[in-house]
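Chain A is the first sequence line, chain B the second, and so forth, proteins listed ahead of strands; every chain is numbered from 1.
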Protein chains: 2
Amino acid sequence: MAQFTKTEDELTPVVRERARSISLGDEKPSKPISVRDVAKLANVSVATVSMVLNDNPRISRATQMRVQRIIDQTGYRPNRLAQSLSSRYTQVLAVLLPALRHGFADAYFGELISGICDRAGKLGYKVILEQAKPEFIRSKGYIDIYERRYVDGMLCLGSNDRHHYLAEFSDHRYPMVVVDNYFSQWGLDFIVCDYASGAQQMMNYLLQLGHRKIGLIHAAQEIRTARDVTEVYQQKLQGVGVEPLKSWYQDGKFTEEGGAAAAAQLLEQEPRITAIFCTNDKMALGAIHYLNRQGVRIPQQISVVGFDDTRHAAFVNPSLTTVHLPLYEVGVLACERLIERVHGRTEKVAERLATHLVVRESTAMVPALQNEMELLAGR
Amino acid sequence: MAQFTKTEDELTPVVRERARSISLGDEKPSKPISVRDVAKLANVSVATVSMVLNDNPRISRATQMRVQRIIDQTGYRPNRLAQSLSSRYTQVLAVLLPALRHGFADAYFGELISGICDRAGKLGYKVILEQAKPEFIRSKGYIDIYERRYVDGMLCLGSNDRHHYLAEFSDHRYPMVVVDNYFSQWGLDFIVCDYASGAQQMMNYLLQLGHRKIGLIHAAQEIRTARDVTEVYQQKLQGVGVEPLKSWYQDGKFTEEGGAAAAAQLLEQEPRITAIFCTNDKMALGAIHYLNRQGVRIPQQISVVGFDDTRHAAFVNPSLTTVHLPLYEVGVLACERLIERVHGRTEKVAERLATHLVVRESTAMVPALQNEMELLAGR
DNA sequence: TCAATATGGTAAACTGTTTTAACGGTCGAG
DNA sequence: CTCGACCGTTAAAACAGTTTACCATATTGA
């Protein structure tokens, strides 16, 4: 305790000794250096060291340099637990994911998480992963992580209307941002892709190609954005005087398998369909897979389109016409806004990022129209 | 401070009052309940409460129930920062990922992470994500997370031989497990898939189908497991008297684009090739994509195989023959062993999980042999 | 019956920071 | 030549738990 003297003339040797014992890394894991050690070596109080660490302007240039030198020499690193305990900020964010079987192996969530992690890291935050398992919800784990001070805020991915527990965040007591979805009801913060606009672009394009009998492979109508797409599909068809039949809607469950099965249903129940609009790329992949092996030629006989523009979309055969979602950017922005909330932002967060159509090879003019055009061209 | 009396008869009313003020959730965020509050209400010392929390056997059934009742009534949740600070265990693990552009949107890493998170959650651990950016390495961020007490241990994914900093973990001072790779040099803990065995099964299968001119689309020879596969490929060919030419090896950079480009090179430089062995599924997808649009029929003209068995492998056209890697299980096991290390395990961790061949539709007998067989069959 | 050993609990020290109120010294103004 | 303001620094009080050493009783064994 009193092993370090405080007289000015003895400072240097003492420093050297401490520094050496550190750099040599003596086998005994000689308990790590603390603020107290640094304070002693620098002949200042621990308060001063703390202030240097948080570069508080109250510290004079001279003192700040003296302390910094000691910090560098000793390789002192403040204990984050102690810092968080006393400062009330953990510098950690949670990413809440739906509890899918092998949930992370998913391009959609992966892209969002990439954006989040990149930005969080840049702003000095760590990110913890949390899966919304039933038990987690039942035991209010989502509140626990705040109350037990694991995190300062949370980003909620893959949420849907049945997640009533999100209502508990409406008072903004616990900073939370809904990522790529939105709720009209609870006044929650959100960052979302403009699904409606994307769907409009896609429908306009398909209609322009002459398609009228368009099947829809959708999923999860409890997700607001998914409903947006479905609604646009319906409105646009009605806009050209077509009332989509019940059988044109098929649930693809957001998976490749589901997409394949839905395509099969569609073909069986409505053989005269000329295009299939899948509300995500995974289902489109499944549908294409099914059609290919049924010998249906894409896009000559049937056009197939997706939604998301995941990496794989470009590497199917034929490559997929789809709507590009700026998921990475959504992640980045959500992360940024969440941190602002943690730091006291009070204005509501609500942003809608633009989406755009990506035309590749899975779409073509409707076959009949194609023939007509060729006739007109005099062939 | 002395607002709570300790006489037995006054306990009940006091409890009720505290409990009500909590359940009503008064608007003022009346500072959260602490051990001290609980102790006072239960008429025991804070030490006792702490022991109940960590179910220390020294506490009698009666006391433990009395305290537990108060805990339940007040909804008290221990502050994890304080717990970690004084217990020296954070109950947090780090997952270190290579800094790929959009790294998480990858089926390979996703599968590993799924396994890790599932098991970590089950064992009461949280998982933080860390990207191995150059700056992170240069500043020894990987040591920082231990010293600053962010985590108890680390799982290292996507490592390779150029990651010399891993040598710093050879003394096992900081618990770390290499996931799905291994190093002969530094005595690090690891859990890995049996790549060599998988490659052998695949090569045996291809050779059995009569293939001799087999191209290899590989990548990242600085990864030990990747080299294992390449070596098996070479040995097996030599085993049947074939010396693979330099031009049979093509670098596919582990991506779809790379796979497509490599396939193009291969076809140009060695048109008589009858099979292509890709060392991961992504490159196989790229190769198939390229071959398809060149009009090459798979598997009639050329067989293509992959490695990994990611979800997409089953949904390409034709579906991909590949080697299944138990990545989820590797994640689970790595997580488990790491936690054992944290709790003092001293035996080295080194396990190799079995892999197996998955035959789908992208492979067939070598064309010439096929004809011969048909002739023999008298057709 | 008395020392020896469990049993159950407690007070105090400890974990490593940040923050706050106070303090001594210098300076300019009245 | 005081008085208040300001500046840089400090001691001490949080923060919210765990751990340790010790202290009463109660139970055993001889």
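Mapped onto DNA chain D by nearest heavy atom, Q64(A) and V49(B) fall at different nucleotides, with Q64(A) at the one closer to the 5' end. If R88(B) and A62(B) are placed on DNA chain C by their nearest nucleotide, the residue sitting closer to the 5' end is A62(B). Where A82(A) and A47(A) meet DNA chain D, the nucleotide closest to each residue was compared, and A47(A) sits on the side nearer the 5' end.
A donor-acceptor pair under 3.5 Å is absent between the side-chain atoms of T48(B) and the main chain of V44(B), judged by distance alone. Proximity of a side-chain donor or acceptor of N54(B) to a complementary backbone N or O of N56(B) within less than 3.5 Å is not detected. The closest donor-acceptor contact from the side chain of Y174(A) to the backbone of I145(A) lies at 3.5 Å or more, if one exists at all.
If you check every strand for non-hydrogen atoms under 4.0 Å, T63(A) touches sugar and phosphate atoms only. Across all strands shown, T48(B) has heavy atoms under 4.0 Å from base atoms, whether or not it also approaches the sugar-phosphate. Within the 4.0 angstrom heavy-atom criterion, no nucleotide atom of any strand lies near L81(A). Y89(A) comes within 4.0 angstrom of no nucleic acid atom, judged by non-hydrogen atoms across all strands.
Note: CG (L85(A)) to C1' (dT18(D)) measures 13 Å, nearest angstrom. Separating the CZ atom of R80(A) from the P atom of dT15(C) is a distance of 20 Å, rounded to the nearest angstrom. Rounded to an integer number of Å, the gap from CG of N43(B) to P of dT10(C) is 9 Å. Counting to the nearest Å, the C1' atom of dC22(D) and the CE atom of M51(B) are 12 Å from each other. Look at CD on Q83(A): it is 10 Å from P on dT19(C), rounded to the nearest Å. In this structure, I59(B) places its CD1 atom 10 Å from C1' of dT10(C), rounding to the nearest Å. For the pair N54(A) CG and dG16(C) P, the interatomic distance rounds to 18 Å; values are reported in whole Å. E147(A) has its CD atom 16 Å from the C1' atom of dG17(D), to the nearest Å.
S50(A) contributes no side-chain N or O that forms a donor-acceptor pair with the base of dT18(C) under 3.5 Å. Looking at R36(B), its side chain comes within 3.5 Å of the base of dG17(D) through a donor and an acceptor atom. The base of dT9(D) sits with one of its N or O atoms less than 3.5 Å from a complementary donor or acceptor on the side chain of R58(A).
Side-chain atoms of S34(B) lie closest to dG17(D) of the nucleotides dG17(D), dG16(C), dG8(D). Comparing atom distances between the S60(A) side chain and each of dG8(D), dT10(D), dG17(D) picks out dG8(D) as nearest.
Shortest non-hydrogen contact noted between H172(B) and D189(B) is CE1-OD1, 3.6 Å.
For the OP1/OP2 pair of dT10(D) and a distance below 4.0 Å, the side-chain nitrogens and oxygens of S45(A) include at least one atom meeting the criterion. Considering only side-chain N and O atoms, S87(B) lies nowhere under 4.0 angstrom from the phosphate OP1 or OP2 of dT15(C).
Geometrically, K126(A) engages Y150(B) in a cation-pi contact defined by less than 6.0 Å to the ring centre and at most 45° from the axis.
Between F190(A) and F183(A), the ring center distance fails the sub-6.0 Å criterion.
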